[in-house]
Trainee: 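Following this message is one structure expressed as C-alpha cells.
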Amino acid sequence: MEYEFKYIEAKWREFWTQNETYKVTEDTSKSKFYVLDMFPYPSGAGLHVGHPLGYIASDIFSRYKKLEGYNVLHPMGYDSFGLPAEQYAIQTGQHPARTTEQNISRYRDQLDKIGFCYDWTREVRTSSKEYYKWTQWIFIQLFNSWYNPMSNKAEDIQSLIEIFEQHGSQGVNLEILTGDIEKNVAPFTANQWKSLDQKKQLEILMNFRLAYLGESFVNWCSALGTVLANDEVVNGVSERGGHPVERKLMKQWSLRITAYAQRLLDGLELIDWSESIKETQRNWIGRSEGCSIFFPLDASKGGKSKGSSVDYIEVFTTRPDTIFGVAFVTLAPEHDLVFKITAPSQLEQVTSYVAKSKNRSERERQADVNTISGVFTGAYVYHPFTEELIPIWVGDYVLVGYGTGAVMAVPAHDERDYKFAKYFEIQFKQVIIPIDKEHNIEKEAWTEKEGRLTNSDFLNGLSVKEAISKAISEISYKNFGKSRVNYRLRDAVFGRQRYWGEPIPIFYENEIPFALSEKDLPLNLPEVDKYLPTEDGEPPLARAKNWKHKNNCEYELSTMPGWAGSSWYFLRYMDAQNSREFVGKGKAEYWQNVDLYIGGSEHATGHLLYARFWSMFLFDRGHIPFDEPFKKMINQGMILGRSSFVYLIIGENKFVSHSLKEKYNCVPIHVDISMVDNDKLDIKAFRRWRPEYSDAQFICEADGSYICGFEIEKMSKSKYNVQTPDELIDKFGADTLRMYEMFLGPLEQTKPWDTNGITGVHSFLKKFWRLFHITGAFEVTEAEPSKEAMRTLHKTIKKLRDDLDRFSFNTGVSSFMICVNELSDQKCNSRHVLEQLTILMAPYAPHITEEIWEKLGNDKGSLIRASYPLFDQKYLVESSFFYPVSFNGRMRFKLNLPLDLSKEEIQKEALENKDTVKWLEGNIPKNVIVVPGKIINIVF
RNA sequence: GCGGAUGUGGUGAAAUUGGUAGACACGCCAGACUUAGGAUCUGGUGCCGAGAGGUGUGCGGGUUCGAGUCCCUCCAUCCGCACCA
C-alpha cells in the first residue's frame, strides 16, 4: 500500500474541521500554555515558503505541549487594516474591505493546507467592528488616564483633577507629567484651577492624558498623505513604499509612551527574548543620564526674549564635567527661541538658514552628516559659573526632538562640536588632559571619559567620573540646573490621515475633543465615495456624508495606525467572542501572558514595543493581571530564495552553460526556478517562457545539459525565485513540507531555500510508512520488541524531548530519520515501538500519524489526547564501550572494553594493546588520561 | 562609528557539559532491479596521497592531556542603530 499523502491529508483536514478537534476551552484542571504566532497582514501575494516557517515551529511546539498534557492556546487571526489594501482601493476603487476579505480567504486556504492546530473559533480580524470596538475602547481608556510619577503608574484622569483641585500644580512634577514634546504648563494654585473655565481646564488636562492631541514635530509623508510614527520611517523614507518624509509641526493624536520609558527598559531584564531585540529596544529607548543646565540670556545683545517670559536657554548634557570648556551654545533650527533672540543684524542670515534646513527632508539631513552648517545668531548667554559671554549659534546637527533641542558645545571633548568649531573658527579650550595616552587636540577632540580636569575651577584635578558628579551637585546646589535622565524615545504619533483604519473615537464640541462613551462604540468606519483626501486636504473620512456625533458634532477625521490593533490582539484571543468586555477577567486570569511567541525580528521597535506599552497600561488600570505580554520570544530567521541564472551572450540569442560562461562576454539573466531542476535547465520550457527565446541557442556542458548558475537572494516575484507552499504540498504533501521547513536548519538562522532537499524528507516519510506495510498491507506484531528496537526508540524519545525543549526542530527531524533507518534495518514491526514513534512524530507530521494511529486501532482523532512517550534510561544501558584511544590528543584506534572497569584497569588494557605499542613508537608514556565511558588519551 | 549575530565538505547542516569533527539529508560516483520514475535498494564520497599516512572547523596566537566549543588579536559576511549632546 502506497503512502497516499493527498488522500490522507484531505481526509484528516476534513475530520479536524468537522470535529473541532483543536477547539480549546478554559479547562482549569490542566495547566495552560499559550503559544502565539505573529499576526499576519493578509497581503495580495499570499504566503511563500518563508512565511509559515515560524507557524510550523509553533505548531509543533503546541502539539508537543498538548501531548504533554497542557491546555494549549494556539490561535490565529489577521492584522487586516493597513496601507496596501487602501493603496489598492485608491487605484481600483474597490472597497478595501472586499480585497481584504479575498486576501484573508486565500491565506486561510493556504494555512489550512499546512495542517495547523489553530482554534479557529478564536480568530480575530482587526478590521471587524466587533474587534475594533475594543481597540477604540482601549484608546478611550488611554485618553481618560494620566501617568502619576508618584505612584509610578497610569491612573484615572480624575485623580489628577483632584490633585489640581486640592493643591493646584504645586508639588506635581510637571516636567515628567507632560513629557518634553509640548510646552510646560505654567504653575497654578488650586484656586486658580477652580476659576478656569471648562475649556481651559480641559486644555491643561490634555497635557497629561496618555492619548492626547498635541502639537509636535511629526514625520509627514506627502506621498502617502499621512503622518508616520518614528518606527515607520527607515533611513529617512517611509517603511512602506520608500517615500520621502519631512519634519512638520502638526496637531496630532499621540500616545504618551515616553511615560513608560523606564519601565519598558527595566522590563527587558525579566523577559526571555533574544539579546539582539532587547538591545534594539534599549537603543530605541535610548536612556542617558546627565543634567540640564540653564544658560541665562544676555539682554544687552541680540533681541532677547521678545514677547517671552523665558530668559534662559536650557541644554541637556551627559558631560557636565566639561562645563568650563563650553565655547558656544547651539540651538536646533526649529527651536522656539531662535527668532526671539536673534540680533537684527543676523536676522536675514538666520531666517534663510532656518528656512533651508526646514526644506531639507529627513533623508537629506541624514545623508549629509559630514557637511557642517550653521549660523551665528548675534546673541549671547552667560556662562553660569564664570559669567563669560558665550555666543549662540543655530545648527541643524542639533535635533529639536532630543533633549531640549539645545546643546552646550564643548569642542575639545565632543566630535561634532569640534568639527563645528574648526569649521567656523571658534576658539575653545581643553578641560580634560588624557593620562598616558597619545593625543593631539589640534587634530581631534578627546572624547574618552578618562583623564584629569584642568582649566575648570572647582573641578581641577578630578577624574572625569568624579567631575561629573561634583559638577551635577554644584549645578543643582546653585540652581543652575538639575540632574536629569533623558530618553531618545519619542511619543508615538497615533493619527493617520487615511481611510482603512480604526476611526479614533473622538468628537469635537466647541473645538474641544471629547471621547465617545462606551455605549456609543464601535464608532463605525463610514462609507466614502473615494479613498483620497478631500480637495482642501482633509483626510478621506471628511468625505463621509452625514457623519456626525449625535447628528451635531464633528468626529475626529484621522484613523489609527496599523499597529493599534496588533498592540492587544493576543488578549482578544483569550476571549474572542466577548461582546461585553475586551477580555473577560476570568479568561485573562487563566491564560495569563504568552508563554512562547514566535515571529520575525523586524517588529523590534514597533509592534513589540507598543504591545508592551499597552500591556503595562492595561495592567496599571487593573484590566489584565500581567504587565509583560510575551514571556519568551523566538525570532525565526528569514528564508532566502535561491535564484537561478542563465547566461546570455551579449548581442546574440545564445545562452552559455554555467561552467563555460567565462569564455564568453555574457550577462546573467534571472530564470524562473520552476524551469530548473537541480540546476539543470528545462530548455523546452525556457523556449516557451518568452517569445523572444523560442529559437534561442544553447552552449551546453559536455553531457549535453544546460547548467544554471545560482545566487541566494530575498524571495521576490521580480527574481523569479518565489516558492509557494501550495505547489510543494501538491507534490509532496503538507507533512513533508512541515518537516522539510524544519530540517532546513536552526529556526533562528537566516537560510536559503533549496527545494532539492525536500525529496530526502519525502522519502523518509515513505520509509516510515513502509515500517507499517512491510508486506504491502498494514501489519504490526504484538510480539515483544527486540532490545535494539527498544534502544532505538528510547534514544529517539530522549533526543526528541531534549530537542523540543530547546527549540531545536531541525535536529529533531534528523533523529526521526536515524530512528526510522535503524528500525528498518532491524526489520522492526513491533506495535509497541511503532505506536510510540507515531506519537513522537505527531507534532511534526500530524496527517500521516493520524492515519497510522487510526490503522493501529485507536479511536479516530484521539491522537491529540495521547501521552508523549516517556524516556526510560534502562533501555540505553550498555555493558561495553568502544573507547577512542588517542595519542597526544589524536584519535588512532578504538578499543572495546566493558564499562564496569575501573580507571586503572582501563589504563592497563590500553597500554597492553598491540596497537598502542605501535603508536608509541618506542616512547615511554608520560601520562594516561582515562575518562570512563568517554575517552583514553595517552601522552608521550 | 556603535551594537548584535554568524563563519565547519560541492550544498543545507550536526557535534546540548571542553572528550571519536562532518551525524542526518541533498548532490555526486559506482552498482542492483528495472523497462525512463522526480521510484526503490546496496556501496562509496572533507581535502592531499597509489598507499602507509598527512592534513582539516575564517586568519594568527593562548589556556589544556585534549579546543569547532574557553580566552586574546585580526578578517569577512549579514542584521539593527547612527549628528542622540
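Just so it is clear, the values below take in all heavy atoms, side chains as well, and ignore hydrogens, waters and symmetry mates. Naming convention: chains lettered A, B, ... in sequence-line order (proteins, then strands); numbering from 1 in each chain. Note that the structure is predicted; figures quoted are calculated from it, not measured.
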Trainee: Base, sugar-phosphate or nothing for A/V398? Non-hydrogen atoms, less than 4.0 Å.
Mentor: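 Since a base atom lies under 4.0 Å of A/V398, the category is base.
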Trainee: Applying a 3.5 Å limit to both distances, which nucleotide forms a Watson-Crick or G-U wobble pair with B/A30?
Mentor: B/U42
Trainee: Which nucleotide sits closest to the side chain of A/R770: B/C41, B/C24, B/C65?
Mentor: B/C41
Trainee: Can you tell me the Watson-Crick or wobble partner of B/G7, both distances under 3.5 angstrom?
Mentor: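 Partner of B/G7: B/C75.
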Trainee: Measure up the A/H762 and A/Y3 rings against each other and bin them: parallel (under 30°), tilted (30 to 60°), perpendicular (over 60°).
Mentor: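 Aromatic pair A/H762/A/Y3 classed tilted.
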Trainee: Can you tell me if A/R319 touches the phosphate of B/C84, counting only side-chain N or O atoms and a distance under 4.0 Å to OP1 or OP2?
Mentor: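 Checking B/C84 against A/R319, no side-chain N or O comes under 4.0 Å of OP1 or OP2.
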Trainee: State whether A/N635 places a side-chain N or O below 4.0 Å from either non-bridging phosphate oxygen (OP1 or OP2) of B/C79.
Mentor: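 Answer no for this pair, as no side-chain N or O of A/N635 is under 4.0 Å from OP1 or OP2.
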Trainee: Checking all strands, does A/R287 fall into the base, sugar-phosphate, or nothing category for heavy-atom contacts under 4.0 angstrom?
Mentor: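 The residue A/R287 makes no contact with any strand.
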Trainee: Using whole Å, report how far NZ of A/K278 lies from C1' of B/G3.
Mentor: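 To the nearest whole Å, that distance equals 15 Å.
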Trainee: Output the single nucleotide from B/A25, B/A85, B/U16 whose closest atom is nearest the side chain of A/K799.
Mentor: B/U16
Trainee: Using the C1' atom as the reference point in each nucleotide, state the distance between B/C47 and B/G37 in Å, no decimals.
Mentor: 35 Å
Trainee: Is the distance from OP1 or OP2 of B/A14 to the nearest side-chain N or O of A/N810 less than 4.0 Å?
Mentor: yes
Trainee: Nearest to the A/T318 side chain among B/A14, B/A23, B/A85, which nucleotide is it?
Mentor: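 Closest of the options to the side chain of A/T318: B/A85.
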Trainee: Could you work out the separation of B/A52 and B/G4 based on their P atoms and round it to a whole Å?
Mentor: 48 Å
Trainee: Kindly indicate whether the side chain of A/N283 and the base of B/C81 share any N or O donor-acceptor pair separated by less than 3.5 Å?
Mentor: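 When only heavy-atom distances are counted, A/N283 does not reach the base of B/C81 through any donor-acceptor pair under 3.5 Å.
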Trainee: Measure from the side chain of A/I929, starting at C-beta and using heavy atoms only, and say which of B/A85, B/G19, B/U20 lies closest.
Mentor: B/G19
Trainee: Would you kindly say whether A/S274 and A/E748 are connected by a side-chain donor-acceptor distance under 3.5 Å?
Mentor: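 Per modelled atom types, A/S274 and A/E748 side chains form no pair under 3.5 Å.
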Trainee: Quantified in whole Å, what is the C1' atom distance between nucleotide B/U55 and nucleotide B/C24?
Mentor: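 That atom pair is separated by 25 Å.
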Trainee: Find the partner of B/G37: check Watson-Crick (N1-N3 plus N6-O4 or O6-N4) and G-U wobble (N1-O2, O6-N3) distances, both under 3.5 Å, and reply none if neither fits.
Mentor: none
Trainee: Please measure how far the C1' atom in B/U69 lies from the corresponding atom in B/U20, and state the result in whole Å.
Mentor: 15 Å
Trainee: Check the distance between B/G12's P and A/K751's NZ and give it to me in whole angstrom.
Mentor: 13 Å
Trainee: Whole angstrom is fine here: how far is it from CZ in A/R806 over to P in B/A14?
Mentor: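 One finds 9 Å between P of B/A14 and CZ of A/R806, rounded.
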Trainee: Just confirming the chi classification of B/G9, syn or anti, using 90° around 0 as the syn window.
Mentor: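 Here B/G9 takes the syn form, which means its glycosidic angle is within 90° of 0.
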Trainee: Between the side chains of A/K422 and A/E444, is the shortest nitrogen-to-carboxylate-oxygen separation below 4.0 Å, so that they form an ion pair?
Mentor: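 So A/E444 does not pair with A/K422 through a salt bridge.
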Trainee: Quick one: on RNA chain B, does A/P752 or A/R890 contact a more 5' nucleotide (nearest heavy atom)?
Mentor: A/P752
Trainee: For A/N756, which contact category applies under a 4.0 Å heavy-atom criterion: base, sugar-phosphate, or nothing?
Mentor: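 Answer is sugar-phosphate: A/N756 comes under 4.0 Å of backbone atoms only.
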Trainee: Between B/C65, B/C41, B/G19, which one does the side chain of A/K767 approach most closely?
Mentor: B/C41
Trainee: Would one find a side-chain N or O of A/R282 under 4.0 angstrom from OP1 or OP2 of B/C81?
Mentor: no
Trainee: Do the rings of A/F807 and A/F61 sit parallel, tilted or perpendicular, given the 30° and 60° boundaries?
Mentor: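 Tilted.
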Trainee: Provide, to the nearest angstrom, the distance between the CD1 atom belonging to A/I758 and the C1' atom belonging to B/C26.
Mentor: 12 Å
Trainee: Taking the minimum atom-to-atom distance to the side chain of A/K731, which one of B/C84, B/C83, B/G38 wins?
Mentor: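 Among B/C84, B/C83, B/G38, the one nearest the side chain of A/K731 is B/G38.
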Trainee: Roughly, in whole Å, what's the span from CG in A/D803 to P in B/A23?
Mentor: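 These atoms are roughly 17 Å apart.
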Trainee: Given the P atoms of B/A13 and B/G31, what is the spacing between them in whole Å?
Mentor: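 Roughly 33 Å separates the two P atoms.
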Trainee: Given the rule in the ring-ring contact (aromatic ring centres under 6.0 Å, His included) test, do A/F420 and A/F328 qualify, once you have shown the distances and angles that lead to the verdict?
Mentor: CA-CA 10 Å; A/F420 196 89; A/F328 53 99; 5.3 Å; yes
Trainee: Ignoring hydrogens and geometry, is there a side-chain-to-backbone donor-acceptor pair from A/N219 to A/L228 under 3.5 Å?
Mentor: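 Yes: the side chain of A/N219 pairs with the backbone of A/L228.
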Trainee: Looking across every strand, which nucleic acid part, if any, lies under 4.0 Å from A/D396 by heavy atom: base, sugar-phosphate, or nothing?
Mentor: base
Trainee: Have a look at A/T605 and say if it touches a base, only the backbone sugar-phosphate, or nothing, with a 4.0 Å heavy-atom cut-off.
Mentor: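 No contact at all - A/T605 keeps every heavy atom at 4.0 Å or more from the nucleic acid.
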Trainee: Separation of A/I935 atom CD1 from B/G19 atom P, in whole Å?
Mentor: 9 Å
Trainee: More 5' along RNA chain B: A/V761 or A/V931, using each one's nearest nucleotide?
Mentor: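 First, find each residue's nearest nucleotide; the 5'-ward one identifies A/V931.
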Trainee: Rounded to whole Å, please give me the gap between CD1 in A/I639 and P in B/U11.
Mentor: 19 Å
Trainee: Rounded to whole angstrom units, what separation is found between the CG atom of A/D414 and the P atom of B/G1?
Mentor: 18 Å
Trainee: Should B/C2 form a Watson-Crick or G-U wobble pair with both distances under 3.5 Å, which nucleotide is its partner?
Mentor: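 Base partner found: B/G80.
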Trainee: I'd like the C1' distance from B/C2 over to B/A67, given in whole Å.
Mentor: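 The same atom, C1', in both gives a distance of 31 Å.
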Trainee: Can you tell me the pairing partner of B/C65 across any strand shown, Watson-Crick or G-U wobble, with both distances under 3.5 angstrom?
Mentor: B/G19
Trainee: Please state the C1' separation for the pair B/U8 and B/U40 - nearest whole angstrom.
Mentor: 33 Å
Trainee: Mark yes or no for whether A/D491, through its side chain, and A/T258, through its backbone, hold a donor-acceptor pair below 3.5 Å.
Mentor: yes
Trainee: Side chain of A/T317 only, heavy atoms from C-beta on: which candidate in B/G66, B/U16, B/A85 is closest?
Mentor: B/A85
Trainee: Students often get this wrong, so: under 4.0 angstrom with heavy atoms, is A/S814 touching a base, only sugar-phosphate, or nothing?
Mentor: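 Here A/S814 touches the bases of the nucleic acid.
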Trainee: Salt bridge or not for A/R791 and A/E878, using N-O below 4.0 Å?
Mentor: yes
Trainee: Have a look at A/Q749 and say if it touches a base, only the backbone sugar-phosphate, or nothing, with a 4.0 Å heavy-atom cut-off.
Mentor: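 Answer is sugar-phosphate: A/Q749 comes under 4.0 Å of backbone atoms only.
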Trainee: Which listed nucleotide (B/C84, B/A25, B/A39) is nearest to the side chain of A/K766?
Mentor: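 The closest nucleotide is B/A39.
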Trainee: What nucleotide among B/G4, B/G19, B/A85 has an atom nearest to a side-chain atom of A/L399?
Mentor: B/A85
Trainee: Can you check the distance between B/G22 and B/G46, where both ends of the measurement are the P atom (answer in whole Å)?
Mentor: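 It comes out at 9 Å once rounded to the nearest Å.
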Trainee: Is a salt bridge present between A/E289 and A/R287, judged by a nitrogen-to-oxygen distance below 4.0 Å?
Mentor: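 Salt bridge flag = yes for A/R287 with A/E289.
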Trainee: From C-beta outward on A/R488, which listed nucleotide comes closest to its side chain: B/C81, B/G54, B/U16?
Mentor: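 The closest nucleotide is B/C81.
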Trainee: Students often get this wrong, so: under 4.0 angstrom with heavy atoms, is A/S288 touching a base, only sugar-phosphate, or nothing?
Mentor: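 It contacts sugar-phosphate atoms only.
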Trainee: Flag the pair A/R416 and A/D414 as a salt bridge only when some basic side-chain nitrogen lies within less than 4.0 angstrom of an acidic carboxylate oxygen.
Mentor: yes
Trainee: Look through every strand shown and name the nucleotide pairing with B/G12 as Watson-Crick or G-U wobble, where both distances are under 3.5 Å.
Mentor: B/C24
